[in-house]
Protein chains: 2
Amino acid sequence: MSDRPDLAAMLYPLVRTLIALELPVLAEHEVSMWGYSVLTALDETPVRTQAALAEAIGADKSRIIGTLDELQDAGLIERTPDPADRRVRLLSITTQGRRIRRSVRRAIHLQEDRLLAKLTRIEREAFLRALRTLHEAR
Amino acid sequence: MSDRPDLAAMLYPLVRTLIALELPVLAEHEVSMWGYSVLTALDETPVRTQAALAEAIGADKSRIIGTLDELQDAGLIERTPDPADRRVRLLSITTQGRRIRRSVRRAIHLQEDRLLAKLTRIEREAFLRALRTLHEAR
DNA sequence: TATTGTTATACTCTATAACTATA
DNA sequence: TATAGTTATAGAGTATAACAATA
């Protein structure tokens with residue numbers, strides 16, 4: 001693994017660029033970054049406690065409460081007490097939540113594709129494959 | 001560019017993992033993240049005003065002042081008024097600063113290599129090449 | 001007593017705007 | 001007046017701990 005710049009030194013600015021591209025998209029849809037993260041997690045695996053959800057998206061359980069309030073007020077998720085254990089709130093994404101999530105996703109991918117266009121098709125596929133491997137291996 | 005997870009959703013946790021790996025290394029060498037960033041920038045292109053340096057590492061000029069104070073106190077950089085324009089501070093890395101920077105760099109690369117080991121040699125080279133392209137294209 | 005969700009508090013980062021010293 | 005560096009202030013984001021309801 002010959003001489004190379006630090007990984008983080010290349011990745012960090014890249015992430016900042018991506019976030020800068022995505023914030024306007026999120027603002028248009030009136031969803032926060034954490035809100036989008038929650039919608040994505042719920043769309044992929046529906047029922048969960050809030051603590052498990054927080055864990056899944058790398059946040060503290062206390063940190064996502066405001067986000068959940070907003071999403072619920074906007075009708076994008078449902079949060080109902082579990083009859084079996086009334087301490088627990090069962091979480092699920094609504095039809096509209098799913099619609100919003102997919103719309104944001106499409107728009108974000110369009111932005112990302114502008115960046116990925118710097119690579120050839122072959123390079124791009126190799127990059128994304130490696131990235132997935134690293135992401136899943138964590 | 002077929003169906004795939006969001007780029008940021010994969011990159012962001014990866015960066016967090018990297019930072020978590022690197023913080024102990026930095027702490028051992030008694031250098032902050034910004035401090036290391038400054039040393040790296042100065043080691044690669046020596047003379048600069050503080051504002052230009054801040055710009056180069058993606059920080060605000062007011063934000064790096066504490067960092068520069070620390071580095072100077074530790075003897076890792078020099079900060080001397082420019083005789084030609086006494087508003088300006090000429091910045092340079094010291095021999096010891098260069099030594100520390102390289103030592104940190106080696107240790108960080110060792111940590112990073114543990115992550116990159118999840119990839120085959122071919123994948124790793126393709127990944128790093130693509131990453132460089134994206135980093136430089138920004 | 002332990003756990004889920006919630007609220008409150010303190011702490012760190014960051015951005016902005018004043019301030020000084022030079023030009 | 002404008003610029004380089006500095007300091008001060010306020011705001012956002014985050015982590016931690018305390019709290020109420022339920023088990």
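Put simply, CZ on B/R63 is 18 Å from C1' on D/dA4, counting in whole angstrom units. The interatomic distance linking B/I65 (CD1) with C/dT14 (C1') rounds to 14 Å, in whole Å. Between A/Q50 atom CD and C/dT7 atom P the separation is 10 Å, expressed in whole Å. Here D/dA4 presents its C1' atom at 15 Å from CD of B/E55, a figure rounded to the nearest Å. Rounded to a whole Å, the CG atom of B/L90 is 12 Å from the C1' atom of D/dA4. Summarising the geometry, the separation between CG on B/L91 and P on D/dA4 is reported as 13 Å, rounded to the nearest angstrom. One can place CG of A/D60 at 12 Å from C1' of C/dT6, the figure rounded to the nearest angstrom. If you measure from atom CD1 of A/I77 to atom P of C/dG5, you get 12 Å, rounded to the nearest angstrom.
Using a 4.0 Å heavy-atom criterion, one finds that A/T49 contacts the sugar-phosphate atoms exclusively.
Around the CD atom of B/E55, the shell of radius 6.0 Å holds no more than 12 heavy atoms that belong to other residues, nucleotides or ligands.
A salt bridge does not link B/D113 to B/K118: none of the charged nitrogens lies less than 4.0 Å from a carboxylate oxygen. A salt bridge is defined here as a Lys NZ or Arg NE, NH1 or NH2 lying under 4.0 Å from an Asp or Glu carboxylate O, and A/R105 with A/E112 fails to meet this definition.
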Identify each atom pair where a protein N or O and an N or O of nucleotides 21-23 of chain C are less than 3.5 Å apart, giving names and distance.
from, atom 1, to, atom 2, distance (Å)
C/dA23, OP1, B/R86, N, 3.2

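The side chain of B/W34 contributes an N or O atom lying less than 4.0 Å from OP1 or OP2 of C/dT14.
On a pure distance criterion of 3.5 Å, no polar donor-acceptor pair joins the side chain of A/S62 and the base of D/dT14.
Counting only N and O atoms by type, the side chains of B/Q72 and B/R79 include a donor and acceptor under 3.5 Å apart.
Pairing each heavy atom of B/I64 with each of B/Q50, the nearest pair is CD1-O, 3.6 Å.
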Distance-only donor-acceptor hits, side chain of residues 126-137 of chain A, under 3.5 Å, sequence neighbours excluded:
from, atom 1, to, atom 2, distance (Å)
A/R132, NH2, B/D3, O, 3.4
A/T133, OG1, A/R129, O, 3.0

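Taking only side-chain atoms of A/K61, from C-beta outward, the nucleotide of D/dA4, C/dT4, D/dT14 with the closest atom is C/dT4. Closest approach to the A/V88 side chain among C/dT4, D/dA15, C/dT6 is made by C/dT4 (side chain taken as heavy atoms from C-beta onward).
Remark: B/T49 OG1 to B/D82 CG distance equals 10.0 Å, nearest 0.5 Å.
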